[in-house]
2 protein chains.
Amino acid sequence: MNAPVRIRAFERSLPMALMRARESVMARFRPILAEHDLTEQQWRVLRALDAADGPLSVGDLAAQTYLLGPSLARMLASMEQRELLERRTGADARRAEITISDEGRRVVGQVSPESEAAYEQVERRLEPGELDELHRLLDKIGGFE
Amino acid sequence: MNAPVRIRAFERSLPMALMRARESVMARFRPILAEHDLTEQQWRVLRALDAADGPLSVGDLAAQTYLLGPSLARMLASMEQRELLERRTGADARRAEITISDEGRRVVGQVSPESEAAYEQVERRLEPGELDELHRLLDKIGGFE
DNA sequence: TATTGTTATACTCTATAACTATA
DNA sequence: TATAGTTATAGAGTATAACAATA
């Protein structure tokens, strides 16, 4: 007789724990983004462009932001209309070269201090050193070891 | 002269790290759910019902699964049609009493072993004890200390 | 032929407000 | 009046396939 496969307790589910933690962070963060008419995903794109050294292709962006091509294509179109970013065609004409615009940088500059404050509130829940440890473990899970 | 507010590196963003980790877990998990025609959210509902001692109200479910009422109402209707769950009206006729059905339990029973295997692959990336530590830190962030 | 990106399409979830029924 | 839940509506992301342009 085998013991029945016992599903782990709901509370011990790693995806749920990750989601709860993320939800608790994002709950503080979303209102800030909403004030600037940005979705979470648009913010990811903006951050990635802002952090990049040079232009990124659509594919680069998709990989860095975990967005799918079609979603990204539409978002880029609307963000380009809002002049948050600029796109050029590179030497390889298939490849788009996307960079953040001055306006985009301005928005990042406005949102960043508010977002820092929100993050700090969350991080204050941890003892010194625990944040580093959390990042280390998350990176291990995420395959960035 | 103030130093400019320096946004933390993209890689050190806690929400991004949480998302990457979750994505890496879910990437293995979603195909399993897809085979059983379940969305991530429906699975959360099913898990919550399966783990519950008795019937849950729509509000209980919303809180446990981090879904909004309207999303949940529609999902419950379709899951009821698929006979994954049952609903009754309680003593307080405003309150629905939702329980998992035999069919729902059967689905949970099918998905669970596969999902356990997927989780274990992820958890193998961690040293012994690190998973507990990760859960502890995530709960602290999530406000479940 | 393979790669890069867009368009088409259908579905699902998010979010807010308005509404119904019950308490 | 307040609470529980549903319906309405608009918007946005997900996912797959088909397609165009370029290499």
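By convention in this document, chain letters (A, B, ...) are assigned in the order of the sequence lines, proteins followed by strands, and residues within each chain are numbered from 1. What you are looking at is a predicted structure, and each value in this text was computed from that prediction instead of being measured.
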List the residues meeting side chain to side chain contact (heavy atoms under 4.5 Å, CB included) with A:E133, not counting sequence neighbours, and say none if there are none.
A:R136, A:L137, B:E133, B:L137
Does a salt bridge link B:R95 with B:D92, judged by any charged N lying under 4.0 Å from a carboxylate O?
yes
Taken to the nearest whole Å, CD1/A:I98 to P/C:dT4 is 14 Å
Across all chains, not counting sequence neighbours, the side chain to side chain contact (heavy atoms under 4.5 Å, CB included) partners of B:E114 are B:I32, B:E35, B:H36
Partners of B:Q42 by side chain to side chain contact (heavy atoms under 4.5 Å, CB included), sequence neighbours excluded?
B:L38, B:T39, B:M75, B:S78, B:M79, B:R82
From CG of B:D37 across to P of C:dA10 the rounded distance in Å is 18 Å
Specify the separation, in whole Å, of atom CG of A:L61 and atom P of C:dT6.
11 Å
Holding to salt bridge (charged side-chain N to carboxylate O under 4.0 Å, His left out), I want the full list of residues that pass it with A:D132, two or more places apart in sequence or in another chain.
B:R12
Could you run through DNA chain D and flag its stems, i.e. three or more consecutive Watson-Crick or G-U pairs with both distances under 3.5 Å?
C:1-23 with D:1-23
Mind calculating the distance between CG (A:L38) and C1' (C:dT14) to the nearest angstrom?
17 Å
Measure the distance from CD on A:E80 to C1' on C:dT6 and round it to the nearest whole Å.
13 Å
Relative to the ring of B:W43, is the ring of B:F29 parallel (under 30°), tilted (30 to 60°) or perpendicular (over 60°)?
perpendicular
With sugar-phosphate taken as primed atoms, P, OP1 and OP2 and all else as base, the protein-contact string of nucleotides 3-12 of chain D at under 4.0 Å (heavy atoms; B, S, -) is BSSSBBB--S
Between P on C:dT12 and CZ on B:R44, what's the gap in Å once rounded to a whole number?
16 Å
Going by the rule salt bridge (charged side-chain N to carboxylate O under 4.0 Å, His left out), which residues pair with B:D60 if we only count those two or more places apart in sequence or in a different chain?
none
Touch check for B:A91, heavy atoms < 4.0 angstrom, all strands: base, sugar-phosphate only, or nothing?
sugar-phosphate
Pairs where residues 98-109 of chain A contributes a residue and the test side chain to side chain donor-acceptor pair (under 3.5 Å) is met, not counting sequence neighbours
A:E103-A:R106
B:M26 CE - C:dC13 P separation (whole Å)
12 Å
Once you round it to whole Å, what is the distance between P of C:dC13 and CZ of B:R30?
12 Å
Quick note, salt bridge (Lys or Arg N to Asp or Glu O under 4.0 Å) partners involving residues 22-31 of chain B, not counting sequence neighbours, are B:R22-B:E40, B:E23-B:R30, B:R30-B:E40
